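Step one of this worksheet: look at the structure below.
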Amino acid sequence: MEILGIDIGGSGIKGAPVDTDKGELSADRHRIPTPQPSTPEAVVNVVAQIVEHFEWNGLIGCTFPAIIKNGVTHSAANVDNAWIGFEAEKMLRQQTGCSLLLINDADAAGIAEMKFGAGREAEGVTIVLTLGTGIGSAIFVDGELLPNTELGHLEIKGKEAEKWTADSIRKKKDLAWNEWGERLNTYLSHLEFLFSPDLIILGGGVSKKFNKYESYLTTHAPCVPAKLRNEAGIVGAAMAAQRMAH
Ligand code: BGC
């Protein structure tokens, strides 16, 4: 089935039609920088532009970097505060004129990784993390998602984990790989203590550079890089929308 996947991030809003049987984009991705400030109105407008670009009038799956319950966004860690308590799914449906499902970005990336990427056939408890501007998380038990886990906001050494070990912090503070790798390891070890995962999948831009920090990770559970890279959010959003259609 072909569904338009859209991934709303802190710096870019990306979309592409997805072949949900193959887990692949069926056309080149279209990206528009996230408007600043990232108010609901401005962001919803950009989503409508992406829908127009593909002349789309079918089903859409869309991610957002926040807690999402029944189509309402309930947090705003790296976006404009006006998103808190906003009827985002309803507004996006109105502006695009399409059937649309809104899902947390890390949950979407996790869904795609579990089906087509590093989590294929994983049993037991899998934790998928997206390390980018913030840290997103998705927990799966035998392939079933526990939504909205927000493990990036867990406190580590008196600080929110994402303010200490997100990839954006590595770049901003110019941390060497060993320094950042050790921070990440402290965080992962804490997650392991709390959840006893069988597998940990690390996504986001740094998944490409896994060999630079792999040696600092000491968890008992295997830690592997995500396979779908930049496209996981788009693919997972489309997959989640497809489930809604059934
Ligand atoms: C947000 C999460 C999101 C993650 C990755 C966090 O700051 O609270 O909802 O999944 O960033 O974008």
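All ligand and atom numbering here is 1-based and tracks the order in the structure. Keep in mind that what you see is a predicted model, and the values were worked out from it rather than measured. Heavy atoms only: backbone and side chains are in, while hydrogens, waters and symmetry mates are out.
At a heavy-atom distance under 4.0 Å, only backbone atoms of Ala66 (N, CA, C or O) approach ligand 1.
Side chains of Thr218 and Asn185: a donor on one and an acceptor on the other come within 3.5 Å. Using a 3.5 Å distance cut-off with no hydrogens or angles, the side chains of Glu192 and Thr219 do not pair a donor with an acceptor.
Rounding to the nearest 0.5 Å gives a distance of 9.5 Å between CD1 of Ile13 and CG of Asp7.
For Gly152, the closest heavy-atom approach to ligand 1 does not fall below 4.0 Å. Residue contacts with ligand 1 leave out Thr133, since none of its heavy atoms falls under 4.0 Å from the ligand.
Of all the atoms in ligand 1, the ones that sit under 4.0 Å from a non-hydrogen atom of Glu162 are 6 (C), 7 (O), 11 (O). Shown in contact with Ile135 at under 4.0 Å from a heavy atom are these atoms of ligand 1, numbered in order with element: 4 (C), 5 (C), 6 (C), 11 (O). Taking a cut-off of under 4.0 Å to the non-hydrogen atoms of Ala77, the atoms of ligand 1 that pass are 7 (O), 8 (O). Short contacts between ligand 1 and Asn78, defined as distances under 4.0 Å to a heavy atom of the residue, involve ligand atoms 7 (O). Shown in contact with His153 at under 4.0 Å from a heavy atom are these atoms of ligand 1, numbered in order with element: 1 (C), 6 (C), 7 (O), 8 (O). Short contacts between ligand 1 and Gly136, defined as distances under 4.0 Å to a heavy atom of the residue, involve ligand atoms 4 (C), 5 (C), 10 (O).
At most 12 heavy atoms of other shown residues, nucleotides or ligands fall within 6.0 angstrom of atom CD in Glu121. Atom CD of Glu123 has 12 or fewer neighbouring heavy atoms from other residues, nucleotides or ligands inside a 6.0 Å radius.
Relative orientation of the Trp180 and Tyr213 rings is perpendicular, given thresholds of 30° and 60° on the angle between their planes.
Side-chain contact between Leu154 and Leu194: present, with at least one pair of heavy atoms (C-beta onward) separated by less than 4.5 Å.
Ranking the protein heavy atoms by distance from atom 3 (C) of ligand 1 puts Asp105 OD1, 3.3 Å first. In this structure, the protein non-hydrogen atom closest to atom 9 (O) of ligand 1 is Glu150 OE2, 2.6 Å.
The two residues Val72 and Gly85 come nearest to each other via the heavy atoms CG1-C, 3.7 Å.
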